[in-house]
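I have placed the structure first, in the form of structure tokens, so that the comments after it can refer back to it.
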Amino acid sequence: MAKFGEFDDKQIQEFFKKFKANSQRKDVQDILEKHLTKVGNIVRDETKAKTPVRTGEMRRGWKKSSVKGGNNPEIEIYNNVEHAGFVENGHRVVRGGRTVGYVEGQKMLSNTINDAGSLIDKAAEDAMNEIVNNLFGGL
């Protein structure tokens, strides 16, 4: 087999060692939280916009939790309005104790999350760039 040269990964190893050592710093966690909150706000607002309105109660019911999870930060988009799950996921129509039909779910939240893939990728990229700039002064 031909040899094309040697590769010294010392700098790469140093980079990852420093990155891992600093990943729990408060400023790094704040950056992740900021970008995750931004995505959560957009997903919540888009979901609200896609929610059908009769009285407005369900549309007003969409909420976003604060960031939680430490090493695996997450955010939750939820709706505590009693019938929100039925509108999102669909439900049976029952009359006289018999199922007479089925109403398909509107999938407001599910569709918004599926559509948010590129937004999430962009937020992750922005967060990583900001973290690298913060830790290493840019590359």
What is the distance from atom CD of Glu74 to atom CG of Leu36, rounded to the nearest 0.5 Å? 9.0 Å
Between Glu88 (side chain) and Ser110 (backbone), is there a donor-acceptor pair under 3.5 Å? yes
Checking Arg95 now: which residues fulfil side chain to side chain contact (heavy atoms under 4.5 Å, CB included) with it, not counting sequence neighbours? Val93, Val100
Answer with yes or no whether the hydrophobic clustering places Val39 together with Ile131; edges join I, L, V, M, F, W, Y residues whose side-chain heavy atoms lie under 4.5 Å apart. no
Same cluster or not: Val87 versus Ile113, using hydrophobic residues (I, L, V, M, F, W, Y) connected whenever any side-chain heavy atoms lie under 4.5 Å apart? yes
Chi angles and distances behind the side-chain contact (heavy atoms from CB on, under 4.5 Å) call for Arg92, Val103: CA-CA 6 Å; Arg92 296 181 307 147; Val103 176; over 6 Å; no
Listing request: all salt bridge (charged side-chain N to carboxylate O under 4.0 Å, His left out) pairs with a residue in residues 34-62, at least two apart in sequence or in separate chains. Lys34-Glu130, Lys50-Asp115
Cluster check Ile120, Leu109: I/L/V/M/F/W/Y, side chain < 4.5 angstrom: yes
Grab the two heavy atoms, one from Val43 and one from Ala116, that are nearest each other, plus how far apart they are. CG2-CB, 4.1 Å
Hits for side chain to side chain contact (heavy atoms under 4.5 Å, CB included) against Ala84, two or more places apart or cross-chain, chain-then-number order -> Met58, Asn79, Val81
Inspect the surroundings of OH in Tyr78 and state if more than 12 heavy atoms from other residues, nucleotides or ligands are less than 6.0 Å away. yes
Rounded to the nearest 0.5 Å, how far does CD1 of Ile42 lie from OG1 of Thr47? 11.5 Å
Check for me, please, whether Ile77 and Leu32 land in the same ILVMFWY cluster - side-chain distances under 4.5 Å, paths through other members count. no
May I ask you to check whether Thr51 and Gln106 show a side-chain donor-acceptor distance below 3.5 Å? no
What heavy-atom pair brings Tyr102 and His91 nearest, and what distance separates the two atoms? CD1-O, 3.2 Å
What's the shortest heavy-atom distance between Ala127 and Ile31, and which atoms? O-CG2, 3.8 Å
Rounded distance [0.5 Å steps], NE2 in His35 versus CG in Asn129: 9.0 Å
Go through Glu76 and Lys63 one step at a time and tell me if the salt bridge (Lys or Arg N to Asp or Glu O under 4.0 Å) criterion holds. CA-CA 8 Å; Glu76 184 178 11; Lys63 307 290 183 216; over 6 Å; no
Heavy-atom side-chain contact between Thr37 and Lys64 under 4.5 Å: yes
